[in-house]
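One structure below.
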Amino acid sequence: PATTAFSPSKITRASFSTSKRSSLSPPFISSKLWSAGSSDDRNIQDADDFDDEEECLPWGHELWQVERIDRISDWTGNQKTFPNPLSLKENVPKSWFVDKDAAIAAKVQVDAHETEADHELGLRSEAFSAAGPRLEIAHDTTKSKAAIVTCGGLCPGLNTVVREVVMCLSRQYGVSEVYGVPAGYRGFKEPDNWRKLDERIVSNLHNVGGSILGSSRGGHDTNAIVDSLVENDINLLFVVGGDGTVRGAAKIAEEVKRRGLSISVATVPKTIDNDVPLLDRTFGFETAVEAAREAINVANVEAEGFPFGLGVVKVMGRNSGFIAMHSTLGSRVVDLCLVPEVNFNFDGPGGITEHLYERLLSHGKAVVVVAEGAGQDLIAAATANGLEEKKDASGNVLLEDVGPWLCRELKQRLDVKLDSVAGTPLNAQGDKVTLKYVDPSYMVRGVPPNTADNVYCTQLAHNAVHGAMAGMSSFLVGSVNARECYVPIKLVVNKRNVIDTAHQSLWEYVVFDTAQPSFSVDSDDRNEADVLISASGGVILASDDE
């Protein structure tokens, strides 16, 4: 979907009876929202300790609303904890551990004239629990068994996440029984095929693309999965996957909760499209952008080598065009960037044909980057495609191949324009467009992660382990405003991260830098306090099936 769905109604929030502040949480879980450092778990200064009572907050009033993460003690009633083995090591300061009240603000851009009342508006007071090791943990490490599964499409960094979950469990918590579930969710039905993982087996995985466990789409059977976890005494489950996988993890966590089981379900979100909402980025994204940039450089060299050379590069991006946008800005040679979030037109004023024609005449070449989900409405209209849309096993709509279609349409239109000036100084030799098409899609998915993604995967995996060991469940781990934190799965299910075209963000750099037409975008009339813009230039969009 395009950005027409930007509206307050699409991002449901719970209201607080004591103030006007809002939450990201859906209404049915609003009662679970909690305030960091509530009066029953911290020391509150006496009123006499303050210099000016009139400037003090009311008793029990908190500045920040922290999204609560489920804990297994909520439904088991077992409040027993154990010292974190890391805290027993020599020369390890307590400052390396995360305080229970530590949180990361959802919004970092502030109004210099903001008042206390303003802080309570919209999402300005929203925060997420900081990720990292806790001094006390909820699972007995001597009796713990873990399982890890990778689902959905391949992505740079999958193997690094598998490696680091194993390494963290083994080296930091002493958990030796870690099992890899092969072939995605369907693998839970065949525990005899589970692969025991240890440090030796995973030692070199960070240098290898793909997933050592294999992957698949679909195959999710909630009851069968939880039954398998129980039968094999698994109390720590790590799920690595995209939006469909995250929905599956939410169902597993809910069933675990319904049965009152002491099983932590942690999720490491995976998508090179970078379409998980709230997070700065997802692992594999930076590697994918680098690989896409290399393809763009090839297309540019080819375009420069021929008269009126046109290089077209198709990159991944089903619903979100982040790879296209970031690789465009990183390459510095792109003349036109097309993404799913912005509709475009070929002809007439402001059309892409005229823009590329001018570039061909002035520069002798042009380069186009298109995300796979762009232009789907134009393809459907041109082909009179009235067939029912098809979906894959994960529920994703199968897209028409925009790359070859765009090449045909552009060449046809640009050849006509060049013919009209053949024999003139603008086209003395009567040349036509020389088009070179590059599709690096699967080269982008299957490569090993770069250094930045390897570091990020390590952070994500270790923090997933820390959260699970602390007894948290139904959460995903990620970076918000450059700090690692825990986000309840329920906040991202049926939502996606899309390029923000309505506010000051990275998309404006693309439009201004390429000098491409600024196609009509839908305005966002929400108050600034209700908008969260990610570090990668994204904003939350509810999906059609919410």
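Looking at every heavy atom in both residues, G317 comes nearest to A371 through O-CB, 3.8 Å. Here the closest non-hydrogen pair linking A366 and L356 is CB-CD2, 4.0 Å. Annotation for Y456 and E484: closest pair CE1-OE2, 3.8 Å, computed over non-hydrogen atoms. Here the closest non-hydrogen pair linking G210 and L158 is O-CB, 3.5 Å.
Annotation: ring-ring contact (aromatic ring centres under 6.0 Å, His included) contacts involving residues 338-381, sequence neighbours excluded, comprise F344-F346, F346-W405. Counting only residues at least two apart or in different chains, salt bridge (Lys or Arg N to Asp or Glu O under 4.0 Å) contacts with residues 348-370 comprise D335-R359, E354-K417. Sequence neighbours left out, the pairs with a member in residues 279-298 that pass ring-ring contact (aromatic ring centres under 6.0 Å, His included) are F285-H326.
Here D415 pairs with K411 under the side-chain hydrogen bond (donor to acceptor under 3.5 Å, both in side chains) rule; sequence neighbours left out. Listed by chain and residue number, K432 satisfy the side-chain hydrogen bond (donor to acceptor under 3.5 Å, both in side chains) test with D419 (two or more places apart in sequence, or in another chain). Residues passing the ring pair (Phe, Tyr, Trp, His ring centres under 6.0 Å) test with Y486 are F475, sequence neighbours excluded.
To the nearest 0.5 Å, atom CE of residue M167 and atom OG1 of residue T160 are 11.0 Å apart.
When atom types are taken as modelled, the side chain of S211 and the backbone of T150 share no donor-acceptor pair closer than 3.5 angstrom. With Q376 contributing its side chain and E400 its backbone, the two residues share a donor-acceptor pair below 3.5 Å. Counting only distance, with no hydrogens or angles, the side chain of N319 and the backbone of P340 share no donor-acceptor pair below 3.5 Å. The backbone N or O of I499 sits less than 3.5 Å from a side-chain atom of E341, completing a donor-acceptor pair. A distance-only check finds a donor-acceptor pair linking the side chain of S215 to the backbone of G152 [under 3.5 Å]. In this structure a side-chain-to-backbone donor-acceptor pair under 3.5 Å is present from D453 to G284. Between the side chain of N427 and the main chain of L418, a donor-acceptor pair closer than 3.5 Å is present. Under a 3.5 Å cut-off, the side chain of K270 and the backbone N or O of C151 do form a donor-acceptor pair. Put simply, the side chain of E302 never gets that close to the backbone of G311: no donor and acceptor are under 3.5 Å apart. When atom types are taken as modelled, the side chain of T287 and the backbone of N450 share a donor-acceptor pair closer than 3.5 angstrom.
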message: Does V162 form a side-chain contact (heavy atoms from CB on, under 4.5 Å) with L205? I'd like the steps, not just the answer.
response: CA-CA 8 Å; V162 172; L205 288 186; 4.3 Å; yes
Candidate pair K495 and D243, rule salt bridge (charged side-chain N to carboxylate O under 4.0 Å, His left out), full reasoning: CA-CA 9 Å; K495 297 182 179 70; D243 51 357; over 6 Å; no
- request: Begin from the C-alpha positions of V339 and V498 and carry the test side-chain contact (heavy atoms from CB on, under 4.5 Å) through to its verdict.
  value: CA-CA 10 Å; V339 295; V498 296; over 6 Å; no
- request: Show the numbers, then the answer: is there a salt bridge (charged side-chain N to carboxylate O under 4.0 Å, His left out) between R318 and D273?
  value: CA-CA 7 Å; R318 173 182 295 274; D273 288 353; 5.7 Å; no
- request: I would like to know whether E290 and E286 meet side-chain contact (heavy atoms from CB on, under 4.5 Å); could you show each step before the answer?
  value: CA-CA 6 Å; E290 274 193 15; E286 291 198 1; over 6 Å; no
message: Checking D513 against R332 for the salt bridge (charged side-chain N to carboxylate O under 4.0 Å, His left out) test, could you report, in this order, the C-alpha distance in whole Å, the side-chain angles of both residues, the deciding distance, and whether it holds?
response: CA-CA 8 Å; D513 184 62; R332 317 303 305 138; 2.8 Å; yes
Trace of the side-chain contact (heavy atoms from CB on, under 4.5 Å) decision for V268 with L476: CA-CA 6 Å; V268 181; L476 57 82; over 6 Å; no
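Looking at N207 and N204, their side chains do bring a donor and an acceptor atom within 3.5 Å of each other. Donor-acceptor pairing under 3.5 Å is lacking for the side chains of S320 and D275.
The side-chain heavy atoms of V208 and P448, taken from C-beta on, include no pair separated by under 4.5 Å. With contacts defined as side-chain heavy-atom distances shorter than 4.5 Å, the pair V240/T245 does not qualify.
Each of L278, V477, T267, V276 was checked for a side-chain contact (heavy atoms from CB on, under 4.5 Å) with V487, and the lone residue meeting it is L278.
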